[in-house]
Amino acid sequence: MKTRRAVVAGAALGILPLAAPSVVRAEKATIRWRLASSYPKNLDTIHGIAVRLAKHVAEMTEGGLQIQVFGPGEIAPGLQVLDAVQNETVEMGHTASIYYSGKNRAFAIDTGLPFGMTPRQHLSWMYRGGGLELFREFFKAYGIVNFPGGSTGVQMGGWFRREVNTLDDLKGLKMRIPGISGDVVARLGVVPQNIAGGDTYPALERGTIDAVEWVGPYDDEKLGFNKVAKYYYYPGWWDCTGQLAFYVGVRAWSALPAHYQRAFEVAAAEASWDMLAHYDSSNMAPLRRLIAGGTELRPFSREIMEGGYRAAFGLYGEEAEKNPEFRKIYREWLKFRDDIVTWFRVAEATFESNLYSLYKT
């Protein structure tokens, strides 16, 4: 009332007070993206990490960027996520670049090459060793901005219907194993099959394949491979990094405000480390249950490990000779790998070998 009287009095004197600045809050337009995942929804690690990313991005942008996560087949088949992002069917995807080795074997280096680096070493190369910059340039041709999208850790070698002790035992073996990893084991006589995750159990159950590699005990138990295959081999030398990827369409990315881009980058990096921590902390309990249920744990023989190593680096050398995109990334990857493996031998490996020899189970 006092304010109203003052205004009236001022008007009577011909003097109007200066109006207080009005603060009009503009409604913020919500940006909505669809994410196509390569991974079944019942896997709370490998599928769930995309859900975690979406949640954190929404929180950090105060709801400004909303990402809806779709499972394989809901928008795009599990092995066609790259195409869906490239064709702008969706704004982004979550997948493993190794699935697209048929387009160019350079894709495989993003996921991690057989007998390559450990997850920690690989992430060091991506974030601090120039790997991410190399792949950003590579993915431009596909209309994609890529980000590390989680890591499985060193995987298990997989589930086999029969024992494999020698290189001869691998000949003619039909195995679900994708991308360049399949190309490597093919040199050992394996017949590789590139099958999406959700289709692997039926293929193994029907006998369409003799063996399957997936990730490790936490996921493998859920998928039920132990019900149709007895032998569980380790280590997964063809997938010793297991880095996944978030793919974002270039146009969708360019349309984001800078602070939304930064929020996405932070959420993607956090998701990568969280996924690795989740697997590391969760694999032992299901492994114990699998063994108690009759699964027979088997290490790959030295003969198979050495044969795989020779086959892998023989293939890389040949590919580098004929594929300039592979050669450009591979040479930098190889330099970094040589340095970091030398360092890890001095510190990490020495400590771990002593620790494990002193540890009493």
Side-chain angles (χ1 to χ4, degrees), residues 23-39 41 45-72 74-78 80-97 99-100 103 106-107 110-111 122-123 125-151 243-276 329:
V23 179
V24 179
R25 185 174 171 179
E27 284 299 316
K28 178 173 57 177
T30 300
I31 299 171
R32 301 187 186 278
W33 283 3
R34 298 190 301 171
L35 182 156
S37 171
S38 290
Y39 305 106
K41 287 185 172 181
T45 45
I46 205 165
H47 177 89
I49 207 67
V51 177
R52 183 182 180 93
L53 169 88
K55 176 178 181 291
H56 288 172
V57 166
E59 289 172 351
M60 286 190 284
T61 61
E62 297 181 323
L65 176 55
Q66 299 281 342
I67 301 171
Q68 186 174 3
V69 180
F70 293 87
E74 292 183 333
I75 295 180
Q80 295 178 26
V81 168
L82 181 143
D83 305 271
V85 179
Q86 184 180 10
N87 298 333
E88 298 185 340
T89 304
V90 293
E91 288 76 19
M92 70 170 295
H94 186 226
T95 188
S97 296
Y99 295 156
Y100 313 105
K103 297 177 183 288
F107 277 105
D110 182 41
T111 303
H122 191 85
L123 276 170
W125 175 63
M126 289 294 288
Y127 280 115
R128 291 290 182 173
L132 189 56
E133 289 80 5
L134 286 165
F135 272 107
R136 287 283 166 82
E137 184 178 347
F138 173 76
F139 273 104
K140 277 182 183 177
Y142 298 87
I144 286 171
V145 182
N146 67 299
F147 301 83
S151 178
Q243 180 181 275
L244 307 184
F246 293 119
Y247 292 165
V248 180
V250 167
R251 289 212 301 177
W253 179 253
S254 300
L256 286 184
H259 59 294
Y260 282 17
Q261 291 181 345
R262 183 58 182 153
F264 186 96
E265 290 168 350
V266 170
E270 189 276 340
S272 272
W273 287 108
D274 181 76
M275 182 174 159
L276 181 59
I329 300 172

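Since the model is a prediction, treat every value here as computed from it, not as a measurement.
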Distance check, rounded to the nearest 0.5 Å: Thr95 atom OG1 versus Asn146 atom CG? 12.5 Å
Start with the C-alpha distance between Phe147 and Tyr127, add both sets of side-chain angles, then the distance that settles ring pair (Phe, Tyr, Trp, His ring centres under 6.0 Å), and finish with yes or no. CA-CA 10 Å; Phe147 301 83; Tyr127 280 115; 9.4 Å; no
Compute the centroid of each ring, for Phe135 and then for Phe107, and state whether the two points are separated by less than 6.0 Å. no
Report yes if some heavy atom in the side chain of Val250 is under 4.5 Å from a heavy atom in the side chain of Phe139; otherwise report no. no
Please examine the side chains of His94 and Phe246, heavy atoms only from C-beta on, and report whether any two atoms are closer than 4.5 Å. yes
Presence of salt bridge, Lys140 and Glu137, under 4.0 angstrom: no
Rounded at 0.5 Å granularity, tell me how far CG in Leu123 sits from CG in Leu276. 7.5 Å
Run through Thr111, Ile46, Asp110 and flag the one making a side-chain contact (heavy atoms from CB on, under 4.5 Å) with Leu244. Ile46
I need the Glu91 CD to Leu65 CG distance, nearest 0.5 Å. 9.5 Å
To the nearest 0.5 Å, how far apart are OH in Tyr142 and CG in Asp83? 10.0 Å
Drop me the distance from Gln80's CD to Gln86's CD, to the nearest 0.5 angstrom. 12.0 Å
Taken to the nearest 0.5 Å, the spacing of Glu270 CD from Met275 CE works out to 12.5 Å
Give the minimum heavy-atom separation between Met60 and Ala263, together with the two atoms involved. CE-O, 3.2 Å
Nearest heavy-atom contact between Lys41 and Gly71 is CE-N, 3.7 Å
When you measure from the side chain of Arg34 to the backbone N and O of Thr89, does any donor-acceptor pair fall under 3.5 Å? yes
